[in-house]
Amino acid sequence: MNSNLTDLISTIQSKHDFSGTVLVKDGEMVLDLNFGYADRSEQRKNNSTTRFGIASGCKLFTAIAICQLVEEGKFSFDSRLSDCLDIDFQHFDKEVTVHHLLTHTSGIPDYFDEEVMEDFEELWIENPMYQIKKLKDFLPLFQDERMKWEAGQSFHYNNAGYILLGLIVEQATKLDFSDYVQQFIFNKANMMDSGYFTFDSLPPNTALGYIDGPDGTWRTNIYSLPVKGGADGGAFVTVVDMSKLWDALFNFQLLSEEYTYKMLKAHIQVDESDFYGYGTWIKKKDNGVLKYHVMGYDPGVSFHSAYYPETSAKVVVCSNKSEGAFEMMSGIEAEMKKVSNV
């Protein structure tokens, strides 16, 4: 499988001009391949310890943080937003709960609604991205908007809901959200190269995100995203650290076994085989779980990662381009299915 998979990954890379790092761990087989540049101007190549932005992939971290605090008795999944957060949302349904926010069923307005907006950069016309440094800085983007529908009525992917979950973490712990995640998730999982970094103060060996134009030109994503990511997305990880996260989660280092599986329960059915738990997508097969997976897309960022419970295999695909991770992930999974019937 190793050589076949290496050849396949190289083929996909050539076809899609993939830039990033790929890690596959399946039993004794460990594959770690790197492509493209972390910094095109300096011709600095991506490597096994390069930090990549993962966009919405880090909603998983937010969900873990919330589950840790529920396990500690700070609040419950059925606690209402109004009981967990001392912020006024005059148009929000009073019945919105922590569970609704975790499962994208709250019905609250999103600050980036793909049904209304096509270009993520439109957000920063009235609210410059360089001013978005803390979770509360996101509030003007949605706080005074009206509900899309009643709480619990329907699944609709919602970034604003995860901003509110991060604010709940901050109010319950008196810690900055990124500091909480660093202390109680990254450090516990030995993810020593991961963190929520600001674009204007990136640590060494961090990949810049690139947006390619149709005419062959390119630019970085520094003016396309908040200067610092929030609870809905924007952390930086290495492929090795993301693999460690899956290990820590399924070894019950971050949550008890009971709360780990409460988090990973298929709470909402999205389509025939796809479900959503708390902060993670779940794909089922024959009434069993085929994989738990997370993904993230931003301008200059594409990311996929999955854990396959039948074999304990893990795949992490980090890219510093807007596209490419999906094609890479799909090809790897197709090859794994041939070999081990994943």
Side-chain angles (χ1 to χ4, degrees), residues 9 12-13 16-25 30-62 120 178 181-182 185-186 189-212 218-247 279 293-307 314-330 332:
I9 289 171
I12 296 170
Q13 189 279 327
H16 297 281
D17 192 25
F18 176 83
S19 175
T21 297
V22 178
L23 177 67
V24 182
K25 286 190 171 186
V30 178
L31 198 59
D32 190 347
L33 299 172
N34 308 282
F35 306 96
Y37 293 101
D39 186 329
R40 293 181 182 179
S41 296
E42 299 295 330
Q43 299 284 284
R44 177 167 56 84
K45 292 183 177 181
N46 287 317
N47 59 63
S48 299
T49 58
T50 298
R51 299 173 171 97
F52 292 89
I54 62 169
S56 287
C58 57
K59 284 184 172 67
L60 176 59
F61 309 149
T62 304
F120 197 73
S178 58
V181 173
Q182 188 72 51
I185 298 176
F186 293 164
N190 197 31
M191 298 168 66
M192 304 315 294
D193 293 317
S194 299
Y196 288 81
F197 311 125
T198 58
F199 272 143
D200 52 3
S201 184
L202 292 174
N205 203 15
T206 301
L208 302 177
Y210 288 98
I211 302 166
D212 291 319
W218 53 263
R219 58 191 171 92
T220 69
N221 62 357
I222 191 168
Y223 296 120
S224 304
L225 300 171
V227 69
K228 185 177 181 182
D232 62 328
F236 290 81
V237 306
T238 66
V239 290
V240 172
D241 274 1
M242 193 63 208
S243 177
K244 288 179 179 178
L245 186 281
W246 289 119
D247 285 338
H293 62 117
V294 290
M295 66 189 85
Y297 288 88
D298 271 339
V301 176
S302 57
F303 166 79
H304 276 258
S305 185
Y307 177 88
K314 298 175 289 291
V315 178
V316 187
V317 180
C318 292
S319 174
N320 58 331
K321 291 177 63 174
S322 302
E323 298 176 344
F326 172 78
E327 291 79 8
M328 187 63 74
M329 189 76 177
S330 298
I332 291 169

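Just so we're clear, the structure is a prediction, and the values are computed from it rather than from any experiment.
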I'd like to check [X] versus [Y] (side-chain heavy atoms, cut-off strictly below 4.5 Å). Are they in contact?
X	Y	result
V24	I332	yes
M191	L245	yes
F35	I9	yes
V294	W246	yes
S48	V239	no

Review point. So, for Y297 and F326, is the gap between ring centers shorter than 6.0 Å?
Key: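 Not under 6.0 Å, so no.
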Going from [atom1] on [X] to [atom2] on [Y], what distance comes out if it is rounded to the nearest 0.5 angstrom?
X	Y	atom1	atom2	result
Q43	K45	CD	NZ	9.0 Å
K59	I54	NZ	CD1	10.5 Å
Y210	T220	OH	OG1	7.0 Å
S201	K228	OG	NZ	10.0 Å
M328	H304	CE	NE2	12.0 Å
Q182	S194	CD	OG	8.0 Å

Review point. What residue among N205, T238, N34 forms side chain to side chain donor-acceptor pair (under 3.5 Å) with T49?
Key: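 Answer to the side chain to side chain donor-acceptor pair (under 3.5 Å) test with T49 among N205, T238, N34: N205.
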Exercise for review: State whether R51 and D241 are salt-bridged, where the test is any N-O pair (Lys NZ or Arg NE/NH1/NH2 against Asp/Glu carboxylate O) under 4.0 Å.
Suggested key: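 The answer is no: the pair does not qualify as a salt bridge.
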Check your understanding: Are R40 and D212 close enough for a salt bridge, meaning some N to O gap below 4.0 Å?
Key ->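 Looking at R40 and D212, the cut-off is met.
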Looking at every heavy atom in both [X] and [Y], which two are closest together, and how far apart are they?
X	Y	result
D298	A55	OD2-CB, 3.3 Å
T62	A231	OG1-O, 2.6 Å
W218	S41	CH2-OG, 3.7 Å
F52	T50	CD1-O, 3.4 Å
P299	S224	CB-CB, 3.9 Å
S302	G324	OG-N, 3.8 Å

Practice item. State which residues pass salt bridge (Lys or Arg N to Asp or Glu O under 4.0 Å) with D39; sequence neighbours excluded, sorted by chain then number. Key: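 Counting only residues at least two positions away or on another chain, D39 forms no salt bridge (Lys or Arg N to Asp or Glu O under 4.0 Å).
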Practice item. Check the pair V315 / M329 against side-chain contact (heavy atoms from CB on, under 4.5 Å), numbers first and verdict last. Key: CA-CA 8 Å; V315 178; M329 189 76 177; 3.6 Å; yes
**Study point:** Positive for side chain to side chain contact (heavy atoms under 4.5 Å, CB included) with N320, one of V301, L208, N46
**Key:**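 Passing option: N46.
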Point to revise | S243: which of D32, V237, L23 passes side chain to side chain contact (heavy atoms under 4.5 Å, CB included) | key: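 Going through D32, V237, L23 one by one, the side chain to side chain contact (heavy atoms under 4.5 Å, CB included) with S243 is satisfied by L23 alone.
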Review point. Relative to the ring of F236, is the ring of F199 parallel (under 30°), tilted (30 to 60°) or perpendicular (over 60°)?
Key: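 Perpendicular.
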**Study point:** Main-chain N/O of E327 paired with S330 side-chain donor or acceptor, under 3.5 Å
**Key:**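 The answer is no, because no donor-acceptor pair under 3.5 Å joins these two groups.
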Practice item. Look only at the side chain of S319 and the backbone of S19, and say whether a donor-acceptor pair between them is shorter than 3.5 Å. Key: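 Yes; judged by distance alone, with no hydrogens or angles, the pair exists.
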Practice item. Please report the C-alpha distance between D17 and K321 in whole Å, then the side-chain angles of each, then the deciding distance to 0.1 Å, and finally whether the side-chain contact (heavy atoms from CB on, under 4.5 Å) criterion is met. Key: CA-CA 10 Å; D17 192 25; K321 291 177 63 174; 3.3 Å; yes
